[in-house]
*Asks:* 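Questions regarding the structure given below will be posed in turn.
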Amino acid sequence: MHVLAVEDAKIPLRVLERNIKECGYTVSLARSGIEAWKILKAVHIDMVVTDWIMPEMNGLELCRKIRNTDFKRYIYIIIVTAQDGKKEIIHGLEAGADDYLIKPVDPHELQARIKIGARIVELERQLSERYNTIQNNFFQTIQMFSNLIELFNADLGGHCRRVAKLSLKLAERLPDVSEEDLPILETAGLLHDIGMVGLPVSVMSKKRTEMNADERKLYLSHPVQGELILNEIEFLQPVAALVKAHHEQFNGRGFPDGLKNKEIPLLSKIISSSSIYDNLIYRGKVPLEEIPEHLQRLKGYQLDPLIVDQLLDINFESIQDRKGKNFIEITLNNLEEGMMLAENVLRSNGALVMPGDMKLTGSGIEKLKNFHNLGCISNKVYIYK
C-alpha cells in the first residue's frame, strides 16, 4: 500500500508521515497540490491523505483532478480539514473524497481511517482482477467461436467479421443504441451465423430457392441452432437471443418465429441489415452504385426503413470515398516495384492479404500473383496514380 501525504506545513506533514509508516505502509510526501499531482502521474499511489487548505491547488481541486482522470485503478482519498461544518464536509465528499478528518487529527483515528481505506482499496483491486478475468474469458470465448466459424468455412468467417464491423457503424447512427449495447452487438454480429457450422457444403453453396425440402429445413434451423450453442454459456445468453432473431423480417415473414417490426430486437435488425448488405456486395457482386435499388426493394418489407436509410447513407459515402481517391485499377501483370497500394487487398473471405498504403516490392508482387493463382484474390488491385 503506497500512501501520498499532502500538506503545505512542514511539521504536520512529518506527523502524517510518521503515523502512516506506523501502519506499515510506504509514504510519499508533497507540500502542495501541484507537487502531489506530479507524484500521482509518476508513481503508483493507492491512497491520498491531503490537507484541504493549500496554495495554488487546494485539496478539493486535487480531489476533482484525481476523479476526472482515469488511473486504471481506484485511489482512496482522505481530506484533512479544520472546517467541521456540515456544508464543508458535504463539499469535500462531493469533490470526490472518500473520508474526512477534522483537525487537530487524533493519531489513532488517522491510523484507523487509513486502515479502513486500505481494506477498500484491496477490495477494489480484487474486484478489478475478477472483472478482468471475466473480460478475458469473454473475449477468449468469442475468439474461439469466431475461429470455429472461420475453420468451418473461410467465406462465412469473413462475412461474419464484416457484418460485425458494419453493425457497429450502423449503431453509431441510431440514437436508440446505447454504449452498453455495442459489445453485445459486435459479438452477435461476429457469431450470428454460428448455427451454420456443421451444415452440409451442398446447403451452404445454394440459394434458398435452389434448396430441396430437407436442405431448406436444415438451413432454416440455423438461427435456433446458434441460439442453442450460445445459450450454453451464461454471459452469451443476451447474444444468443439476437442470433436467434437475425432472420426475422420487418413484415413478419421471416424465421424462426415470424416476428415483425417492433417485436424484433433492434440489434437483430441491425445485424440482419448488415448481413444482407454484405451478401449483396460479396456474394451477389452488386456494384455500390446499384445497391440503393436493391435496398429500396427491401425497405419496409424485409428491412426496417430507418435502418435502410442509414445503410443508404453509408453506401453513398463509400461511393464518394472511392471516387475521391487518387487511384487507378491495374492488373497484377502490370504491377511494378515502387508502386503504392491504394486499398487493402483482401481474400474473398475478407482476410487481409496486403494492407493499403504499402509500397510494392518484387516479393510483394509475387505474393499477390500467387494468391491470384490460388483463386483467392482478383487479378486487379488499386494503386495510387
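Each residue takes its place number in the sequence, starting with 1.
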*Asks:* May I ask you to decide if the ring planes of Trp37 and Phe71 are parallel, tilted or perpendicular, using 30° and 60° as cut-offs?
*Replies:* perpendicular
*Asks:* When you look at NZ of Lys103, are more than 12 heavy atoms from neighbouring residues, nucleotides or ligands closer to it than 6.0 Å?
*Replies:* yes
*Asks:* Given side-chain hydrogen bond (donor to acceptor under 3.5 Å, both in side chains), test Asn370 with His372 step by step and report yes or no.
*Replies:* CA-CA 5 Å; Asn370 288 337; His372 172 63; over 6 Å; no
*Asks:* Count the heavy atoms of every other residue, nucleotide or ligand shown that sit under 6.0 Å from CZ of Arg283, and state whether that count exceeds 12.
*Replies:* no
*Asks:* Using side-chain heavy atoms (C-beta onward) and a distance below 4.5 Å, is Met47 in contact with Leu4?
*Replies:* no
*Asks:* In chain order, what residues pass the side chain to side chain contact (heavy atoms under 4.5 Å, CB included) check against Met340, with sequence neighbours excluded?
*Replies:* Lys359, Tyr384
*Asks:* Does Val6 reach the side chain of Val48, with side-chain heavy atoms less than 4.5 Å apart?
*Replies:* yes
*Asks:* A quick test of your reading: do over 12 heavy atoms of other residues, nucleotides or ligands sit less than 6.0 Å from NE2 of His108?
*Replies:* no
*Asks:* Which heavy-atom pair separates Val243 from Pro223 by the least distance, and what is that distance?
*Replies:* O-CB, 3.9 Å
*Asks:* If you look at every heavy atom in Leu303 and Ser272, which pair is closest and at what distance?
*Replies:* CD2-OG, 3.9 Å
*Asks:* Checking His159 against Asp278: is there a side-chain donor and acceptor pair closer than 3.5 Å?
*Replies:* yes
*Asks:* Yes or no on side chain to side chain contact (heavy atoms under 4.5 Å, CB included) for Ile114 and Tyr25, after CA distance, side-chain angles and deciding distance?
*Replies:* CA-CA 10 Å; Ile114 288 174; Tyr25 305 136; 3.5 Å; yes
*Asks:* Please assess Ser274 against Leu170 for the test side chain to side chain contact (heavy atoms under 4.5 Å, CB included), listing each intermediate value before the final yes or no.
*Replies:* CA-CA 8 Å; Ser274 300; Leu170 269 172; 3.4 Å; yes
*Asks:* Is there a path of hydrophobic side-chain contacts, each under 4.5 Å between heavy atoms of I/L/V/M/F/W/Y residues, joining Leu123 to Met1?
*Replies:* no
*Asks:* Please check if any side-chain donor atom of Asn315 sits under 3.5 Å from a side-chain acceptor atom of Tyr277, or the reverse.
*Replies:* yes
*Asks:* Measure across Glu35 and Leu29 and return the closest heavy-atom pair with its distance rounded to 0.1 Å.
*Replies:* OE2-O, 3.7 Å
*Asks:* May I ask you to check whether over 12 heavy atoms, not counting those of Glu234, lie within 6.0 Å of atom CD?
*Replies:* no
*Asks:* Surrounding OH of Tyr219 (heavy atoms of other residues, nucleotides or ligands, distance under 6.0 Å), is the total greater than 12?
*Replies:* yes
*Asks:* Going through the checks in order, is the side chain to side chain contact (heavy atoms under 4.5 Å, CB included) test met by Leu332 and Lys380?
*Replies:* CA-CA 6 Å; Leu332 300 184; Lys380 295 180 181 179; over 6 Å; no
*Asks:* How close do Met211 and Val203 get, heavy atom to heavy atom, and via which atoms?
*Replies:* CE-O, 3.6 Å
*Asks:* Is the count of non-hydrogen atoms from other residues, nucleotides or ligands lying under 6.0 Å from Arg253 atom CZ greater than 12?
*Replies:* no
*Asks:* Using a cut-off of 6.0 Å, state whether more than 12 heavy atoms not belonging to Leu151 lie near its atom CG.
*Replies:* yes
*Asks:* Just verifying a value: how many Å separate Glu22 CD and Ile20 CD1, rounded to the nearest 0.5 Å?
*Replies:* 10.5 Å
*Asks:* Quick one: are the ring centres of His246 and His222 less than 6.0 Å apart?
*Replies:* yes
*Asks:* Can you list the residues that meet the side chain to side chain contact (heavy atoms under 4.5 Å, CB included) rule with Ile328, with sequence neighbours excluded?
*Replies:* Ile383, Lys385
*Asks:* Is Lys165 atom NZ crowded by more than 12 heavy atoms from other residues, nucleotides or ligands, each under 6.0 Å away?
*Replies:* no
*Asks:* Evaluate the side chain to side chain contact (heavy atoms under 4.5 Å, CB included) criterion for residues Glu186 and Ser167: first the C-alpha distance (whole Å), next the side-chain angles of each, then the deciding distance (0.1 Å), finally the verdict.
*Replies:* CA-CA 7 Å; Glu186 183 178 18; Ser167 293; over 6 Å; no
*Asks:* State plainly whether the residues Glu293 and Arg297 are in salt-bridge range, i.e. N to O under 4.0 Å.
*Replies:* yes
*Asks:* Are the side chains of Asp193 and Ile149 in contact, using a 4.5 Å heavy-atom criterion?
*Replies:* no
*Asks:* Below 4.5 Å, heavy atoms only, C-beta onward: do Lys244 and Pro256 meet side chain to side chain?
*Replies:* yes
*Asks:* Rounded to the nearest 0.5 Å, how far apart are SG of Cys63 and CH2 of Trp52?
*Replies:* 9.0 Å
*Asks:* Classify the angle between the aromatic ring planes of Tyr76 and Tyr74 as parallel (below 30°), tilted (30 to 60°) or perpendicular (above 60°).
*Replies:* perpendicular
*Asks:* Indicate yes or no: at least one non-hydrogen side-chain atom of Val3 is less than 4.5 angstrom from one of Asp46.
*Replies:* no
